[in-house]
Undergrad: 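Just passing along the structure, written as structure tokens.
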Amino acid sequence: MFATCCQRRQKAPLAGGDQMTAPVRVRFAPSPTGYLHIGGVRTAIFNYLFARRHGGTFILRIEDTDRQRSTSEATEQILDSLRWLDIAFDEGPYFQSQRGELYHAHLQRLLAEGKAYRCYCTAEELERKRRQAEAEKRTYVYDRTCRERDPHEDPAGRPFTVRFRMPDEAPDHFADLIMGHIPIDPAKLDDWILARSDGSPTYNFCVVVDDADMRISHVIRGNDHVENTPKQIMLYRALGYQVPQFAHMPLTHGPDGSKLSKRREEEYRRQGISVSVQEYRRMGYLPQALFNYLTRLGWSHGDQEIFTREELEQLFDLDHVGRSAGVMNPDKLRWVNQQYLMQSDDAELARLLVPFLAERGIEAADDERLSGICGQLKPRAHTLVEMAAMANYFFKPPPAYDEKAARKWFKPEAAGLLERVAAELERLEPFTDAGLEEAFRRLADELTAGKLGKLAQPVRLAMTGTTASPSLFFIMAVLGRDETLARLERAREFINGDAGVT
RNA sequence: GUCCCCAUCGUCUAGCCAGGUCCAGGACACCGGGCUUUCAAUCCGGCAACAGGGGUUCAAAUCCCCUUGGGGACGCCA
């Protein structure tokens with residue numbers, strides 16, 4: 001089936017022989033033990049896109065077998081994050097906690113067929129053996145103490161785990177759609193635990209049973225699962241189920257080069273990244289931008305950087321998924337977000353901006369005025385948080401003037417300039433963007449030798465408190481005559497009062 | 001430690017499977033310039049990489065081997 005002479009990790013062919021006709025069914029299976037991890041989202045996206053591309057089915061399965069750590073709040077958060085990103089599933093969510101009977105039935109069947117056995121070794125004994133193996137520098141595998149015991153001689157009443165009776169014959173490799181040809185080390189194929197001593201099924205067992213039951217055709221998941229795969233494959237076979245195709249995607253790393261970890265959240269925060277999807281929402285990223293960025297992290301389509309959702313659903317493929325881990329780069333994410341901001345509809349942005357303004361104590365309505373402001377601000381901001389910050393002076397007079405700018409533009413003679421401007425604006429008709437520009441050009445000819453900048457900068461400083469802003473004429477028109485004049489007056493007072501200080 | 005995986009600019013990547021068109025292309029960031037009422041946006045230009053060493057070949061970023069570096073997995077977690 002595979003050219004054994006070829007050692008290069010050539011990607012396995014997408015569909016091989018008998019699997020040609022099987023419908024594409026993929027799943028995303030997060031465990032609800034906290035917020036949705038950004039690496040998890042990327043896995044979800046790849047699965048989702050793969051399903052869309054092949055006209056398949058995307059299934060959501062909540063892996064909540066760990067009853068201690070799983071919470072319904074976490075499930076809600078995961079659902080909410082997926083909704084935010086517009087990653088819709090076609091089936092589910094299924095909850096493993098509600099599928100106990102299925103696992104139990106499979107367990108009984110394996111036991112009855114002699115493909116699994118009860119193990120009475122205690123956790124302490126196993127721990128000791130594990131440590132000993134470690135001391136002797138051996139790789140620990142279960143020593144099969146309980147494997148050959150006659151079931152009738154089982155010690156009664158003692159708790160037991162159920163172990164998989166690993167067959168001796170195993171394939172020497174498995175095919176991975178991303179990683180290629182992965183060798184299977186028979187030494188690592190041990191009699192792993194299917195069910196804990198409290199009767200609950202383990203992850204590796206549930207995954208196989210569920211994936212088989214749900215007729216999953218392609219298992220697309222993180223690279224950290226490759227080592228589980230051979231064991232799972234053996235279970236599929238023992239159960240007589242068809243083995244799905246596997247695609248292990250490279251993990252997402254932090255700037256330090258190691259796997260993103262929830263424990264390093266503080267460190268990441270300082271660098272502008274996070275492991276939590278919801279945090280990106282708070283930071284003012286657009287879901288489409290995050291989706292685009294995460295997809296491009298590890299997948300590419302020539303030189304294209306920005307994709308519409310439709311393009312992604314049409315173009316995504318496993319062939320162009322790289323094999324090496326990707327590092328989260330906040331600068332690139334910010335740029336992608338800006339691209340989406342610029343493409344966004346002004347009214348839509350206004351709607352999105354309202355809560356971010358509220359965060360800053362600005363109660364604004366998503367009206368036409370705000371839409372106009374968004375239109376001006378969108379190429380200047382990278383995130384909604386930045387945009388809200390930039391919008392400040394449209395709602396409140398500048399709380400202070402930038403010091404350096406004031407030294408440069410608020411010299412004593414500027415007071416006279418501002419006074420002339422004010423006098424002109426008092427009777428300007430119409431008080432519009434265009435009207436203002438015309439008036440300013442005229443004034444500049446008269447007052448600053450035609451240098452519009454010399455006139456505009458002090459006025460801009462008076463309006464915004466800084467020297468960087470969208471078109472000054474737009475700002476004044478939005479503020480209106482009264483507020484414009486009021487700010488001009490405030491600036492004059494500032495100059496007259498502080499002129500000697502600087 | 002054992003096993004597995006990975007390796008092109010600082011980062012994301014194209015190119016690799018089908019060796020020559022690659023003194024390696026794009027993007028982010030950074031630097032310079034144009035445009036401009038400022039700042040953005042935009043346009044033009046610049047800096048910057050095939051980890052190292054051996055092979056194979058007329059020819060290697062591309063194929064093979066080794067070394068080095070990085071990552072991941074080694075649970076009655078998922």
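Quick note: numbers below take in every heavy atom, side chains included, and nothing from hydrogens, waters or symmetry partners.
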Undergrad: What does B/U62 pair with, Watson-Crick or G-U, if both distances are under 3.5 Å?
TA: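 For B/U62, the partner nucleotide comes out as none, under the 3.5 Å rule.
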
Undergrad: Given the P atoms of B/C50 and B/U56, what is the spacing between them in whole Å?
TA: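 Looking at atom P only, B/C50 and B/U56 are 24 Å apart.
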
Undergrad: So, is A/Arg130 near the phosphate of B/C76, with a side-chain N or O under 4.0 Å from OP1 or OP2?
TA: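 For B/C76, OP1/OP2 do have a side-chain N/O of A/Arg130 under 4.0 Å.
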
Undergrad: Could you work out the separation of B/C5 and B/A14 based on their C1' atoms and round it to a whole Å?
TA: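 Straight-line distance between the two C1' atoms is 22 Å.
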
Undergrad: Just how far, in rounded Å, is P of B/A73 from CG of A/Leu251?
TA: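 Nearest whole value for this atom pair: 7 Å.
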
Undergrad: Tell me: CD of A/Gln338 to C1' of B/A40, nearest whole Å?
TA: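 So the two atoms are 8 Å apart, to the nearest Å.
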
Undergrad: If we check side-chain hydrogen bond (donor to acceptor under 3.5 Å, both in side chains) with A/Ser469, which of these qualifies: A/Arg460, A/Arg380, A/Gln376?
TA: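 Per the side-chain hydrogen bond (donor to acceptor under 3.5 Å, both in side chains) rule, the option paired with A/Ser469 is A/Arg460, out of A/Arg460, A/Arg380, A/Gln376.
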
Undergrad: Expressed as a whole number of Å, how far does the C1' atom of B/C74 sit from that of B/U21?
TA: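 B/C74 and B/U21 have their C1' atoms separated by 48 Å.
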
Undergrad: How about A/Phe46 and A/Phe316: are their ring centroids closer than 6.0 Å?
TA: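 For A/Phe46 and A/Phe316, the ring centres are under 6.0 Å apart.
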
Undergrad: When the distance from CH2 of A/Trp192 to P of B/A78 is rounded to whole Å, what number comes out?
TA: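 It works out to 12 Å between those atoms.
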
Undergrad: Given B/C6, B/G26, B/U11, identify the nucleotide with an atom nearest to the side chain of A/Val327.
TA: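 Within the option list, the nearest is B/U11.
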
Undergrad: With a 4.0 Å cutoff (strictly under), does any side-chain N or O of A/Lys259 reach OP1 or OP2 of B/A73?
TA: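 Yes.
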
Undergrad: Please report, rounded to the nearest Å, how far the P atom of B/A41 is from the CD atom of A/Gln339.
TA: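 Roughly 9 Å, once rounded to whole Å.
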
Undergrad: Answer yes or no: side-chain N or O of A/Thr202 and base N or O of B/C76 forming a donor-acceptor pair under 3.5 Å.
TA: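 No such pair is found, so the answer is no.
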
Undergrad: Both distances under 3.5 Å, Watson-Crick or G-U wobble: report the partner of B/U56, or none.
TA: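 Pair assignment: B/U56 / none.
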
Undergrad: Does B/A24 have a Watson-Crick or wobble partner in any strand here, with both distances under 3.5 angstrom, and which is it?
TA: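 Its partner is none (no Watson-Crick or G-U wobble pair with both distances under 3.5 Å).
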
Undergrad: Which of the following nucleotides, B/A29, B/C77, B/G15, is nearest to the side chain of A/Arg196?
TA: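 Minimum distance to the A/Arg196 side chain belongs to B/C77.
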
Undergrad: Tell me whether the OP1 or OP2 atom of B/A78 has a side-chain N or O from A/Thr65 closer than 4.0 Å.
TA: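 A/Thr65 to B/A78 OP1/OP2: side-chain N or O found under 4.0 Å.
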
Undergrad: With respect to the side chain of A/Ser469, which nucleotide from B/C4, B/U38, B/A73 is positioned closest?
TA: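 The closest nucleotide is B/U38.
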
Undergrad: With both distances under 3.5 angstrom, what nucleotide forms a Watson-Crick or G-U wobble pair with B/A18?
TA: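 For B/A18, the partner nucleotide comes out as none, under the 3.5 Å rule.
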
Undergrad: Distance check, C1' atoms only: B/A29 and B/G75, in whole angstrom units.
TA: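 After rounding to an integer number of Å, I get 42 Å for this pair.
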
Undergrad: How far does the C1' atom of B/U13 sit from the matching atom of B/A48, given to the nearest Å?
TA: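 15 Å, rounded to whole Å.
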
Undergrad: Between the base of B/G72 and the side chain of A/Asn223, is there a donor and acceptor pair under 3.5 angstrom?
TA: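 Under the 3.5 Å cut-off, the side chain and the base do not form any donor-acceptor pair.
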
Undergrad: Between atom CG in A/Leu333 and atom P in B/C28, what is the gap in whole Å?
TA: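 Rounded to whole Å, this separation is 14 Å.
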
Undergrad: Quick check: any donor-acceptor pair below 3.5 Å linking the side-chain of A/Glu127 to the base of B/G75?
TA: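 Result: no qualifying N/O pair found.
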
Undergrad: So, does the side chain of A/Arg380 form a donor-acceptor pair with the base of B/C39 at under 3.5 Å?
TA: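 Answer is yes: a donor-acceptor pair is held.
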
Undergrad: Please tell me if the side chains of A/Tyr393 and A/Leu479 come closer than 4.5 Å, counting only heavy atoms from C-beta onward.
TA: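 Heavy-atom side-chain distance check fails, nothing below 4.5 Å.
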
Undergrad: Under 4.0 Å: is that the gap between some side-chain N or O of A/Arg334 and OP1 or OP2 of B/C28?
TA: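 Answer no for this pair, as no side-chain N or O of A/Arg334 is under 4.0 Å from OP1 or OP2.
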
Undergrad: Using the C1' atom as the reference point in each nucleotide, state the distance between B/A24 and B/G19 in Å, no decimals.
TA: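 B/A24 and B/G19 have their C1' atoms separated by 15 Å.
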
Undergrad: Are the ring of A/His253 and the base ring of B/G70 both nearer than 5.5 Å at their centres and tilted by less than 30°?
TA: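 A stacking contact does not exist, since A/His253 is not both close and nearly parallel to the base ring of B/G70.
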
Undergrad: Describe, in one word, how the ring planes of A/Trp192 and A/Phe164 are oriented to each other, choosing from parallel (under 30°), tilted (30 to 60°) and perpendicular (over 60°).
TA: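 A/Trp192 vs A/Phe164 ring planes: tilted.
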
Undergrad: For the residue pair A/Phe494 and A/Tyr401, categorise the inter-ring angle as parallel (less than 30°), tilted (30 to 60°) or perpendicular (more than 60°).
TA: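 Aromatic pair A/Phe494/A/Tyr401 classed perpendicular.
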
Undergrad: Using heavy atoms to find the nearest nucleotide of RNA chain B for A/Gln376 and A/Met328 separately, return the residue whose nucleotide is more 5′.
TA: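 Of the two residues, A/Met328 wins.
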
Undergrad: Separation of A/Tyr293 atom OH from B/U11 atom P, in whole Å?
TA: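 So the OH-P distance, A/Tyr293 to B/U11, works out to 12 Å.
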
Undergrad: Give a yes or no on whether a donor-acceptor pair under 3.5 Å exists between the nucleobase atoms of B/G26, that is its base, and the side chain of A/Gln304.
TA: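 Counting by modelled atom types and ignoring angles, no donor-acceptor contact under 3.5 Å is found here.
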
Undergrad: Under a 4.0 Å N-O cut-off, is there an ion pair linking A/Arg442 with A/Glu446?
TA: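 No, this pair does not count.
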
Undergrad: Please tell me if A/Arg323 has a side-chain N or O lying less than 4.0 Å from either OP1 or OP2 of B/G70.
TA: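 No.
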
Undergrad: For B/C74, which nucleotide in any strand shown is its Watson-Crick or wobble partner with both distances under 3.5 Å?
TA: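 In the structure as shown, B/C74 has B/G1 as its Watson-Crick or wobble partner.
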
Undergrad: Measuring only the P atom in each nucleotide, how far is B/G46 from B/U8? A whole number of Å is fine.
TA: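 After rounding to an integer number of Å, I get 25 Å for this pair.
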
Undergrad: If pairing requires Watson-Crick or G-U wobble contacts with both distances under 3.5 Å, which nucleotide is the partner of B/C9?
TA: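 Matched B/C9 with nothing under the 3.5 Å cut-off.
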
Undergrad: What's the gap between B/G45 and B/G54 when it is taken at their P atoms, as a whole Å value?
TA: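 Looking at atom P only, B/G45 and B/G54 are 38 Å apart.
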
Undergrad: Can you tell which of B/U37, B/A41, B/A78 lies closest to the side chain of A/Asn228?
TA: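 Closest of the options to the side chain of A/Asn228: B/A78.
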
Undergrad: Let me spell it out: for each of A/Ser300 and A/Arg69, pick the nucleotide of RNA chain B with the closest heavy atom. Which residue's pick is nearer the 5' end?
TA: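 Result of the comparison: A/Ser300.
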
Undergrad: Nearest whole angstrom, please: distance from the P of B/A27 to the NE2 of A/His301.
TA: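 For the pair A/His301 NE2 and B/A27 P, the rounded distance is 16 Å.
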
Undergrad: Take the angle between the ring planes of A/Phe307 and A/Trp299 and call it parallel below 30°, perpendicular above 60°, tilted in between.
TA: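 Tilted: the ring planes of A/Phe307 and A/Trp299 meet at 30° to 60°.
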
Undergrad: What is the separation between atom CZ on A/Arg460 and atom P on B/C39, rounded to the nearest whole Å?
TA: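 Roughly 9 Å, once rounded to whole Å.
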
Undergrad: Is the closest side-chain heavy-atom distance between A/Pro470 and A/Met390 below 4.5 Å?
TA: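 Result no, sub-4.5 Å side-chain heavy-atom pair not found.
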
